[in-house]
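Protein chains get the first letters and strands the later ones, always in sequence-line order, with residue 1 at the start of each. Predicted, not measured: the structure shown is a model, and the values here were computed from it. All values below were derived from every heavy atom in this structure, side-chain atoms included, with hydrogens, water molecules and symmetry-related copies excluded.
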Amino acid sequence: MSLKRLLALGVIATMTTSSSLLTMCNPALACGPFDIDAVFTYKLHPDLPLSLYASGEIGIVQPTYARSYLVVAYRYLAGKPLSAIDQAQAIAFWQKRLSQTSMDTPADAKTWFAARDKVLGKNKDNEFFDVYRTPNFADYYGSYLNCPPDAFRTATNTLTERQAKNPDKAWLADFVKNQDAVFCHCRSPIYDYKNNKPGAEPAFPKPAPADAPVWVKQDRAYQIAAANFYAEKLDQALKDFSAIYLDDNSPWQKIAGYMRVRCLIRKATLSQKEGVDKSLLQQAKTEIDLLKQNKRFDGYTNMRQGLADLESFIELRLAPGPALARTATYLSGEGNKSGSFFRHLDDYAYLMDQAFQEDPETPGDQHAVKNVDYKDSFAGADLNEWIRIFSNTNKDLLSVDIETARAKAFSSTPWLICYASKIGRDAPDRNMVIEHLAKVDGPGKTMARYHMLRLSGDNAEGGITLAQLAGHTKAPSSRNAIDLVRLERESDLERFIKLSFASPAALVGSYEARDLPDDYEKTFAPTCKDYPVLKPLLRPEAALQYNFHMPLAMWQSVLNSANLEPSRKADFAQAYFVRASLLGDWAKADLAATILKRCMPAQAGLLDGYLAAKQTPDKLFAASYFMIKNPGATPLVRGGTPRETDYARIDDFQNNWWGKLEPGKSENTGLTDFNSPVFAKHASTASTELNKINAHKYSVVWLADNILAYAATHPADARIPEALHRIVRATKVTQYEDKNIGRVSKSAFDLLHRNYKGNKWTNETKVHY
Amino acid sequence: MTGSKSLKLLLFALVFAVSHVVSATTNPALAADEKIILWSWFNADDTCQSQPDNLDCAYALAILRGRVIAGDTIARIVTVPRMAAVKHNHCLRDMAVVRLEILPDRLDLNSTELDLYIERLVQSTLSLALGSRPIQCLQIDCDARLTQRDLYARYLQTLRKRLPPQIELSITALASWAFGDRWIAKANLPVDEVVPMYFSMGKTGSEIKHLFVAGKKPDDFGLGKRVAGLRLQELTDFLATIEHTSLEFDRIYLFSSNGWSPQNSREAIKLVLPLLSRKKPQ
């Protein structure tokens, strides 16, 4: 178990027990190259803004959503909607979980540093101040938040108060100097590389001199205790805070009582690399009970939330099974309403990870209760079992889980949806499931109708069509999920073309493993109440069909279609042109070139040169010349985001020209090919064409050979020098290679320097590759 | 000057020139026998008892310390630390990895702002990498785009100056950088190791595969050693790809999408051992 959850004791007012700081981060996607990807249906979370989901617009819930979203889905499916307060709490929870937690100097720390700089002058070391510390275990590489924002707030407030009451500058400077000696322990000492030994812990505040004012001595005592706390000298810190707690005159007496509990909890979590010291946690719990009985401080009423957070932290570790039962009851909308929805979601996320013994960053596709502490209590809450089975996406799903879902399906809407999501059209009770799905109303209606239509195999069922369902659905992820089913079933070309284009849910950098657009934080603003409407893009699933199943003869129809997105027409036209050239179908290449001229006016000159050619060798050369000048040339249309680099320019990540055309599952997109009824009867032709294209040498070599062959018989053609130069350049920048790359590069280079001395293209071609 | 002397002088000059194509520290920090290095990424990994039976300790761990995510201004540079623990046994040499993600293609900063931006990137990196325990090597994982290469080069040069001299500097590389793209050598990057990642190669994957099949050897970046980054879940495919080539590597880094356990790390090490070069790395 990682220490991160144990050690992330945050501010006094709110506790961060979860601190899954890299929530939903899939490290497998963390290596480049990185593009901007179009996400048509979110997998990890609902559509943004999340406020709409929290309000009941749950749409089609994906089983891969993080568990906190599934809790909310369950509530709405079960007919127990969230109150306005609970919705706000859920949104706050998600906002916290999705934020990048940074170790950069927090705002409250910057405020403190600004205040201390006014007293002591600027300290450059504080410009980038680390508030995280690494526990002192030999092989532990995580960090924990050591100095939370409230520590700096307290320091700033104290300085302000002292300045107001005690204008003695020397003592104020002394206070600040000693506060520096507290915060310097926020981070672990850095290893001393110069002297090759562990870095020494910086100096600690020293006791105030005997002649110091009382306030100085009292503040100093607290600073010493705090420094020991941050430096992980917890036994000493506990002694120090205890002494202050017994000092009726100290202004720090009350907080010292709280800090004693913090010492015990921190000691419990830092004393061992794995797990916690439960006896220390029990001691901490006892101390909390005593604080609540402390009449002098009114039972710590104004710190009730902070104490509740500490109690929750302890309970999750001392009695996780009952804690899970309690929190599941709360989240299910039953029983005792103590605590906040935020706190319960946070606890629940942690407890479920513990129950499944999963790392929150790699939750897996099949969940089972592995932790014995939870076995008894887990099944007691319907919510727990529902989430576990609903989020099981492993194909080898245990049949007992399906049976569990089935047993409850016809008396519970959440279970009906769960069961429906697991079965296919061959399920023996399919018709009964469809019948029940047709009756679902309320927030679960969209999802119920979706599964109903999915299971029926038809485009209409129970008085609604897929098209109508899509039309009623505003959430882009849900609408796109429905339209994907329509796309797969569509048998009419025009409708297929129309369905090929969809407004994605988001554009996401593929470095961003949480499936979030860069500006996602803006969607948490209260004024953000609508789903984004992005420009329609070609669905990758449709691109697969055009690229690998559509014969050449159909490309013209697609290009003539009014349903073809105007912004993508150029891409289709160039693919048609390249494809026709590869297949040697010059009549179609002419048609493609004519359309392409209109779509790419900048290429008109080149395309006119092609159209002017009449004989095959001339056309082949002119087409090859066009393609070698345009690294974006490819026989494929691109699904998702278009090629970012200009068609005529080399792409950074070498997305230039084309390689072997290979249909089927794409590793990076997870798409699976399907048999579209639109192209089914053309399968043989399409396959033959694909084989013919793939029989050519690799693109740059094929283009180079065409050009070299033409150059041999048309040496005076003014286009030749540039074409040869472009060949050499192409062989340099492309990683697509076969054994002929070196040959064509050298051939082009030699021909240039032999026959075209003094030509500017020759002069620009200094080496071959 | 005699012919043999002039030849020796020429050879010396060549060696001198080649060794300065990519400058390096003089003290290789990772032992020559640490030929297999497991990347510990965001997961809570457990590589205890990973070395195969009857084998000396042959692996090390390169542990991600966190990410530096850089936006378009200094204010938008965010540092995200690693939080997960790692379990390992005695076969550990401490190698820190920091992932650098530069989001904008181009920065609209004047030269003073750019200097500060780079300084901030370096500070962020060091705050993640330099902790209480000594490290022998710092590896930067950054997929710099063409338009970001100058910035990245300046960042590495500044970083090298700030790093204690005994800490080696290693960088990961896109697979395509190892085939014909000479920018690393031309930029005179102050690195001791370049690790091309032959996995999750996206659109270039099948083309890189063809290169391997065709017997093309990846670049050694003038460092005299050939290093590879591989992914456990793609190992079988990679091994099949290079099966009929004579390709060997002086060091192999291994990544696992689902993290490491004693079982899968042991299996992975066994699978890649035959790929290691028998000659000593320089």
Any chance you could measure [X], atom [atom1], to [Y], atom [atom2], to the nearest 0.5 Å?
X	Y	atom1	atom2	answer
Tyr193(A)	Ile135(B)	OH	CD1	4.5 Å
Arg133(B)	Ile190(A)	CZ	CD1	13.5 Å
Asp130(A)	Leu130(B)	CG	CG	11.0 Å
Lys660(A)	Lys209(B)	NZ	NZ	10.0 Å

Heavy atoms of other groups near Asp115(B) CG, more than 12 under 6.0 Å: yes

Can you name the side chain to side chain contact (heavy atoms under 4.5 Å, CB included) partners of Lys746(A), sequence neighbours left out?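 Per chain and number, Lys746(A) pairs via side chain to side chain contact (heavy atoms under 4.5 Å, CB included) with Asp750(A), His768(A).
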
Residue part contacting chain B, namely of Arg187(A), when any heavy atom lies under 4.5 Å: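 For Arg187(A), the contact with chain B is made by the side chain alone.
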
Mind ranking Pro134(B), Gly131(B), Ser132(B), Cys142(B) by heavy-atom pairs under 4.5 Å with chain A and telling me who comes out on top? Pro134(B)

Between Tyr132(A) (side chain only) and Leu128(B) (backbone N and O only), is there a donor and an acceptor less than 3.5 Å apart? no

